[in-house]
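One structure is given here, and the rest of the page talks about it.
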Number of protein chains: 2
Amino acid sequence: MRSTGSKAASAPKLDLVARLRGAGLRPTRQRIALGRLLFSGIDRHVTAEALHLEAARTGAELSLATVYNTLHQFTTAGLLRQVFVDGEKSYFDTNTGDHHHFYAKDRETLIDIPGDAVVIDGLPKAPAGMDIERVEVVVRLKPKA
Amino acid sequence: MRSTGSKAASAPKLDLVARLRGAGLRPTRQRIALGRLLFSGIDRHVTAEALHLEAARTGAELSLATVYNTLHQFTTAGLLRQVFVDGEKSYFDTNTGDHHHFYAKDRETLIDIPGDAVVIDGLPKAPAGMDIERVEVVVRLKPKA
DNA sequence: CAATAGATTAGAATAATTCTAATGTAAGAA
DNA sequence: TTCTTACATTAGAATTATTCTAATCTATTG
């Protein structure tokens, strides 16, 4: 194993910088702070508000507007995926692969469903002039009676 | 065929009044105006804003807030169903039966997919303490390249 | 080491939705 | 019937979520 001499924690940061550059985005202070929270390895589902709060807790100073802007930039770059399960606010998912979701409204919580487990049959073909971009399944949960 | 003596157009209105009463809602001027637009027979997908505009065009005077309130009351009563396909605004669907949707973001348009056509296999069972309330499929469309 | 062009940020503005005080309405009492 | 009371309903005001754009920053070139 080769060492760069920097402490272990900075390796992911270097990866992140490369990832941002690869997506055509400048690795600014704000994007690095948010990227670290989002791409730490585990899949996450966040709202702009929640991520802003989390960033503030870790000492990052950036406006909520920047969090929104950044989430959209990441989404456009394919680093995130936006999921629509609620009229109130949007969720952003770090898992951009083929998968679906459970949604528990009472807990405002999303849970991934692996895409390869699910098979959907009988969908009509797309209307004329249109292509299917993606098929999303949301399973709404309620507390057991 | 029996006649009540009133003109033909008022028959649906009587049905509507009965329908509202049956749902535990008073048949107020505002609810009747919106109900007439919504429950005319054909399935519809509306936003609060669009319905408000449409009501205004037919001469009804009511605030946008009342449209929102009414749409939610109708939804709670089971007369409408809310669909989440976009972070911007909510759509309300007069078709409350089992079915799914195509969504064309570039046209902000919803198209029904009959529920009995679609079969979904391989869904995991609900997490402990939770029941499945509903499975929603949204097929996102993009203009053909 | 400027100067310039383009990218990025965040305060201000907007849009969507909800909240609550004011108003309307049904039902019973007199 | 009319008055009264309790509850349902409405809509202006307030709030929340999100976007817009002027100001700022940064990379690049002369």
Aromatic rings A/H101 and A/H99: how do their planes relate, parallel, tilted or perpendicular, breaks at 30° and 60°? perpendicular
D/dA11 phosphate, OP1 or OP2, under 4.0 Å from B/T66 side-chain N/O: yes
Atom CZ of B/F84 to atom P of C/dA16: distance rounded to whole Å? 16 Å
Is there a donor-acceptor contact under 3.5 Å linking the side chains of B/H45 and B/N95? no
Looking only at side-chain atoms of B/S63, point me to the closest of C/dT18, C/dA16, D/dG12. D/dG12
Give a yes/no verdict on a cation-pi contact between B/R81 and B/F92, requiring under 6.0 Å between NZ or CZ and the six-membered ring centre and an angle within 45° of the axis. no
Figure out the CG/P separation between B/L53 and C/dA15, and round it to whole Å. 15 Å
Looking only at side-chain N and O atoms, does A/D86 offer a donor or acceptor that is under 3.5 Å from a partner on A/Y91? no
Side chain of B/R31 only, heavy atoms from C-beta on: which candidate in C/dT18, D/dT9, D/dG12 is closest? D/dT9
Select one nucleotide: of C/dC19, C/dT17, C/dT9, the one nearest the side-chain heavy atoms of B/K89. C/dT17
Give a yes/no answer on whether the side chain of B/R26 brings an N or O atom under 4.0 Å of OP1 or OP2 in C/dG24. no
Classify the side-chain pair A/Q30/A/T66 by whether it contains a donor and acceptor separated by less than 3.5 Å. no
DNA chain D: 5'-proximal contact among B/L62 and A/E88 (nearest heavy atom): B/L62
Look at the side chain of B/A65 and decide which nucleotide, out of C/dT18, C/dT8, D/dT18, has an atom nearest to it. C/dT18
For atom OH of B/Y91 and atom C1' of C/dT17, their distance in whole Å: 16 Å
Please tell me if B/Q73 has a side-chain N or O lying less than 4.0 Å from either OP1 or OP2 of D/dA8. no
Between C/dT25 and B/T28, is there an OP1 or OP2 to side-chain N/O distance shorter than 4.0 Å? no
Quick one: A/I32 CD1 to D/dC25 P, roughly how many Å, whole number? 17 Å
How close or far is atom C1' of C/dT23 from atom CD of B/Q30, stated in whole angstroms? 11 Å
Does A/L64 reach a base, just sugar-phosphate, or nothing at all? Heavy atoms under 4.0 Å. base
Rounded off to whole Å, could you give me the NE2-to-P distance for the B/H52 and C/dT17 pair? 14 Å
B/L71 has an atom CG; how far is it from atom C1' of D/dA11, in whole Å? 15 Å
Can you tell me if the side-chain N/O atoms of B/Y68 get under 4.0 Å from OP1 or OP2 in C/dT18? no
Between B/G87 and B/N69, name the one whose nearest nucleotide on DNA chain D is closer to the 5' end. B/N69
Give the rounded distance in Å between these two atoms: NE2 of B/H72 and C1' of D/dT10. 16 Å
